[in-house]
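Numbers here simply count residues along the sequence, with the first being 1.
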Amino acid sequence: MNRHFTDARYYFRRGFEHLYAGLDEETAPLRRRLMAALGREVEDEEESEPQTRRERVEYGARRAATRSRRAAGRVRRRVQRPE
């Protein structure tokens, strides 16, 4: 495969990751309500609220990293490399 196809595949996957993350975030309230209606309510992990500005920034960075890793893992499972 030449470089153009390799680059196109890379950017396609990156775009798909962003699309999936956005859809996941937008549909989260609907999924929670649906799961609650079905009796399969998922308990969210409870973390103490950060107090200082530094704690809030560190908390936000950890949360963003965790969410991006989860989203990337889901995308990888759905879009696997053809070999």
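Scored by the side chain to side chain donor-acceptor pair (under 3.5 Å) test, Arg69 finds no partners at all (sequence neighbours excluded). With sequence neighbours excluded, the residues forming a side chain to side chain contact (heavy atoms under 4.5 Å, CB included) with Arg53 are Arg56, listed by chain and number. Not counting sequence neighbours, Glu25 has no partner by the side chain to side chain donor-acceptor pair (under 3.5 Å) test. Remark: Arg31 engages Asp24 in a salt bridge (Lys or Arg N to Asp or Glu O under 4.0 Å) (not counting sequence neighbours).
Contact check for Tyr10 versus Arg14: side-chain heavy atoms found under the 4.5 Å cut-off. The side-chain heavy atoms of Tyr59 and Arg62, taken from C-beta on, include a pair separated by under 4.5 Å.
Salt bridge absent: Arg13 and Glu17 never bring a charged side-chain N and a carboxylate O closer than 4.0 Å.
Counting heavy-atom neighbours within 6.0 Å of Phe16 CZ, excluding the residue itself, gives a total above 12.
The CD atom of Glu26 sits 8.0 Å away from atom CG of Leu23, with the distance rounded to the nearest 0.5 Å.
Val75 and Phe12 are not part of a single hydrophobic cluster, where members link through side-chain heavy atoms under 4.5 Å apart.
Hydrophobic cluster membership of Leu30, counting Ile, Leu, Val, Met, Phe, Trp and Tyr whose side-chain heavy atoms lie under 4.5 Å apart directly or via other members: none, as it forms a cluster of its own.
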